[in-house]
Amino acid sequence: MSFIPLKPIPLKDRMSMIFVGMGQIDVRDGAFVVIDEVNGERMHIPVGSVACLLLEPGTRVSHAAVKLAAVVGTLLIWVGDAGVRLYSAGQPGGARSDKLLYQAQLALDESLRLKVVRKMFELRFGEEPPSRRSVEQLRGIEGARVRKTYQMLAKQYGLKWQGRRYDPKQWDASDVANQCLSAATACLYGITEAAILAAGYAPAIGFLHTGKPLSFVYDIADIVKFETVVPAAFRIAAKNPPMPEREVRIACRDAFKQTRLLQRIIPMIEEVLAAGEVEPPPPPADAVPPAIPEPTSIGDSGHRSH
């Protein structure tokens with residue numbers, strides 16, 4: 001009989017991520033394992049204490065493994081080699097309708113959206129944005145600062161920098177710095193999406209970024225990108241190692257731990273949305289309450305109980 005944990009661990013108390021490649025993910029003796037079918041070896045993964053698993057090409061996942069990951073609130077993300085592309089996620093959308101309506105209300109009202117974008121700017125750069133600026137104008141100011149920051153970091157680590165250039169169809173055509181940055185941001189997007197889902201919101205409803213499945217992920221990730229993964233990527237690129245993507249993953253994992261990113265990210269999401277200064281909309285008077293009440297849990301508010 002499979003053992004199912006009864007109480008998910010809150011996201012802030014978990015390790016950030018694990019990459020899995022070339023193996024069969026299954027549940028054996030109640031444990032989440034990766035099986036090497038060639039050598040017959042097993043590697044146990046404490047799935048309930050991991051924020052997300054990034055599954056690379058060559059990985060197969062059983063139904064039992066997907067179910068266990070869902071029960072314990074661990075996000076499964078299917079990525080390309082070294083995490084340079086993101087194909088799909090195991091729990092699309094948010095799990096709290098009240099929070100989704102709240103998020104959508106903020107995104108659809110231009111005045112509320114501007115307040116949220118201004119808060120993002122403030123958290124990212126440590127200062128209030130210029131007054132009387134539209135979202136488009138703030139995006140332009142942000143873009144100029146970002147380009148300058150890339151140049152400063154490249155100079156700090158002794159790298160020749162020609163701009164952020166990345167073609168997913170021609171990965172090897174990118175220079176080492178851009179390859180490291182792409183691998184690093186994929187790591188950041190993975191745990192950011194896990195946090196957004198754990199908080200009950202939708203990754204697709206963004207404020208600066210729009211029209212993509214991970215628009216809100218990009219919004220939140222950009223706030224912390226230059227204090228976490230970008231310096232790590234440039235530091236690895238400066239060493240020009242033979243396997244830069246692997247070293248980038250390790251460096252990102254360490255950066256997330258040192259900055260306590262998982263402990264900060266959900267309160268950051270709430271702070272950003274609270275800048276709109278509106279309350280979540282109440283349910284309609286004629287709405288039908290749940291027929292089966294949700295069990296109490298110490299998991300995050302967006303966790304889908306079984």
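Computed from heavy atoms alone, side chains included, the values below leave out hydrogens, waters and symmetry copies. Since the structure is predicted, the reported quantities are computational estimates derived from the model, not experimental observations.
Distance check: R249 CZ to C180 SG gives 12.0 Å after rounding to the nearest 0.5 Å. Here the straight-line distance linking atom CD1 of I141 with atom CZ of F121 works out to 5.5 Å at 0.5 Å rounding. Within the model, atoms CZ of R132 and CD of Q137 stand 12.0 Å from one another, a figure rounded to the nearest 0.5 Å. Distance CG/L112 to CG/L114: 9.5 Å, rounded to 0.5 Å. Interatomic distance, NE2 of H209 versus CG of D222, reported as 5.0 Å (0.5 Å rounding).
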Verify salt bridge (charged side-chain N to carboxylate O under 4.0 Å, His left out) between R113 and E136, making sure each step is shown before the conclusion.
-> CA-CA 12 Å; R113 176 172 169 246; E136 187 64 33; over 6 Å; no
Which is it for E270 and K99 under the salt bridge (charged side-chain N to carboxylate O under 4.0 Å, His left out) test, yes or no, and what are the steps along the way?
-> CA-CA 10 Å; E270 301 290 357; K99 292 195 172 186; 3.4 Å; yes
Given the rule in the side-chain contact (heavy atoms from CB on, under 4.5 Å) test, do K257 and L262 qualify, once you have shown the distances and angles that lead to the verdict?
-> CA-CA 8 Å; K257 185 176 181 180; L262 283 176; over 6 Å; no
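The shortest distance between side-chain heavy atoms of L273 and Y201 falls below 4.5 Å. Between D26 and V61, every side-chain heavy-atom pair lies at or beyond the 4.5 Å cut-off. Side chains of V34 and H44 form no contact here, defined as non-hydrogen atoms less than 4.5 Å apart. F256 is listed as a side-chain neighbour of L188, based on a closest heavy-atom distance under 4.5 Å. The shortest side-chain heavy-atom distance between I196 and V217 falls under the 4.5 Å cut-off. Residues F125 and E142 have side chains in contact (heavy-atom distance under 4.5 Å, counting atoms from C-beta outward). Side-chain atoms of L75 and L197, non-hydrogen and from C-beta on, do get closer than 4.5 Å to each other. V230 is listed as a side-chain neighbour of L153, based on a closest heavy-atom distance under 4.5 Å.
Smallest separation of non-hydrogen atoms from T59 and M22: OG1-N, 3.5 Å.
A donor atom on one side chain and an acceptor atom on the other are found under 3.5 Å apart for S182 and R164. Using modelled atom types, one finds a donor on one side chain and an acceptor on the other under 3.5 Å when comparing R14 with T74.
A cation-pi arrangement is absent between R124 and F226, since the terminal nitrogen or guanidinium carbon is not both under 6.0 Å from the aromatic centre and inside a 45° cone about the axis.
Listed by chain and number, the residues in a ring pair (Phe, Tyr, Trp, His ring centres under 6.0 Å) with Y157 amount to none (sequence neighbours excluded).
Test T192, I269, I205 against F216 for side chain to side chain contact (heavy atoms under 4.5 Å, CB included) and you get one pass: I269.
The residues E128 and K119 are annotated as not salt-bridged, no charged nitrogen and carboxylate oxygen being separated by less than 4.0 angstrom. Between R42 and D29 a salt bridge is recorded (basic side-chain N to carboxylate O distance below 4.0 Å).
Ring geometry for F234 versus Y150: interplanar angle over 60°, hence perpendicular rather than tilted (30 to 60°).
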